[in-house]
Amino acid sequence: MDVEPVTIPEAAATVVNAMTIDVEDYFHVSVFDGLVPRDRWADLESRVSDNTDRLLRIFDDAGVTATFFVLGCVAERVPSVVERIAAMGHEVASHGYAHRLIYDQAPSAFRQDVRRSKDLLEALTGRPVDGFRAPSYSITPRTLWALDVLIGEGFTYDASIFPIRHDRYGIPSSPRHPYVLTRAEGSIVEAPASTIRVGSTNLPIAGGGYFRILPYGWTRWGIARLNRLEGQPAIFYLHPWELDPGQPRLEAGLVSRFRHYYHLGKTEGRLRRLLRDFRFSNLRSVLAASQARSAAPSMTPLPYLW
Ligand SMILES: [Zn+2]
């Protein structure tokens with residue numbers, strides 16, 4: 001299904017896109033919620049360390065740094081993987097501690113969860129953790145209070161609001177490019193996963209199942225269009241388990257199995273190709289470059305007090 005490469009337009013080649021990885025094991029994934037009780041996670045074979053090492057090799061080969069949103073319980077079980085990510089010059093950010101969807105938690109429980117992950121990651125790396133991504137993009141219209149918690153806990157950016165319609169996440173009316181969100185507690189930069197606007201609909205073009213399941217040409221077309229026509233960086237995301245065709249199979253429903261297992265063997269080749277076709281760096285530096293272009297209307301604080 002992959003299409004042949006064509007020349008990337010010159011304008012697209014000048015935009016640096018953000019490469020982000022949500023560091024979790026195959027059994028942490030939200031589509032498997034309830035299948036494996038949390039108190040049994042420790043009994044399952046962990047493959048996140050080896051799979052993350054594969055990503056580190058791929059990025060090293062391409063000369064690219066990325067942002068790794070690490071799950072706190074992964075940092076606790078295999079701290080060495082966090083140390084390797086940091087030692088290779090990548091940004092370490094937080095994916096929370098226990099991979100609980102935000103709308104399944106009270107604000108006080110969410111605060112404890114993010115604080116625990118931030119403390120763990122900062123102790124391991126000796127560096128501040130500035131960024132957060134919620135499990136399954138679970139900052140939605142009913143969990144905007146989570147942004148106040150993140151501001152209060154010292155995060156400077158969030159990457160949890162997906163501006164699409166989806167059964168589990170999304171705020172379809174939210175901005176498609178990085179922007180400053182003003183809340184009662186202060187302000188925070190929001191870095192949405194990338195979409196293309198077609199008619200009145202936002203379509204996801206940059207990562208996860210959309211990268212794995214759809215033909216590579218979809219992602220490539222979408223990022224080129226974003227870079228060339230809108231002059232904006234793509235924010236791309238992937239998980240270490242998406243490069244692991246050998247992972248143990250869990251007995252989920254048909255749709256969940258399709259979303260999780262389809263094309264696992266194709267991801268590495270596609271990712272290497274993506275890194276040849278476009279420029280990438282970590283999210284913190286991409287956001288800093290966006291803010292430096294302060295005239296850009298997308299970074300002007302929005303009059304939102306959601
Ligand atoms: Zn996750």
Side-chain angles (χ1 to χ4, degrees), residues 18-38 41 44 46-52 54-55 66-78 81-82 85 90-105 109-110 113-114 116-118 120-121 129 131-140 143 146 149-150 155 157-162 164 166-170 190-194 204 206-213 235-244 247-248 250 252 255-257 259-262 264 267 271 283:
M19 175 58 64
T20 73
I21 305 295
D22 294 355
V23 181
E24 63 195 31
D25 239 316
Y26 58 98
F27 49 82
H28 294 133
V29 179
S30 298
V31 295
F32 295 149
D33 264 356
L35 275 184
V36 184
R38 285 164 191 276
W41 280 358
L44 296 181
S46 175
R47 300 171 70 92
V48 68
S49 184
D50 287 351
N51 291 333
T52 302
R54 288 178 70 184
L55 283 165
T67 294
F68 289 76
F69 293 98
V70 183
L71 203 56
C73 63
V74 167
E76 211 164 56
R77 184 167 175 175
V78 275
V81 76
V82 181
I85 291 167
H90 300 285
E91 179 189 5
V92 173
S94 167
H95 194 38
Y97 178 82
H99 213 269
R100 290 186 192 278
L101 299 171
I102 295 184
Y103 41 77
D104 289 346
Q105 297 177 86
F110 174 63
D113 181 275
V114 287
R116 191 173 176 188
S117 77
K118 195 172 193 287
L120 268 166
L121 296 170
V129 165
F132 175 80
R133 177 175 287 145
S136 296
Y137 293 100
S138 55
I139 296 189
T140 67
T143 52
V149 172
L150 294 173
F155 290 92
Y157 77 85
D158 171 67
S160 309
I161 299 179
F162 213 140
I164 61 167
H166 185 276
D167 58 356
R168 197 177 296 109
Y169 51 76
E190 180 59 39
S194 290
Y210 307 109
F211 180 63
R212 216 169 6 96
I213 295 166
I235 298 172
F236 183 89
Y237 71 97
L238 212 55
H239 306 83
W241 55 261
E242 292 189 274
L243 286 81
D244 181 12
Q247 66 190 272
L250 300 175
V255 173
S256 298
R257 286 207 309 273
R259 280 183 181 175
H260 189 90
Y261 296 122
Y262 194 67
L264 292 173
T267 313
L271 179 59
L283 183 51

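Counting starts at 1 for both ligands and their atoms, following the listed order. What you see below is based on every heavy atom in this structure, not just the backbone, and it leaves out hydrogens, waters and symmetry mates.
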Problem - Stepwise salt bridge (charged side-chain N to carboxylate O under 4.0 Å, His left out) check, R133 with D22 - result: CA-CA 8 Å; R133 177 175 287 145; D22 294 355; 2.8 Å; yes
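With hydrogens and angles left out, the side-chain atoms of S117 and S94 include a donor and acceptor closer than 3.5 Å.
A distance-only check finds a donor-acceptor pair linking the side chain of Q247 to the backbone of W241 [under 3.5 Å]. Between the side chain of S138 and the backbone N or O of I102, at least one donor-acceptor pair lies under 3.5 Å.
Protein contacts to the Zn ion (ligand 1) involving N, O or S atoms at a distance below 2.8 Å are E24 OE1, H95 NE2, H99 NE2.
R47 and D25 are not joined by a salt bridge, as no carboxylate oxygen comes within less than 4.0 angstrom of a charged side-chain nitrogen.
Tested against F132, the residues F110, F69, Y157, Y137 include a single ring pair (Phe, Tyr, Trp, His ring centres under 6.0 Å) partner, F110.
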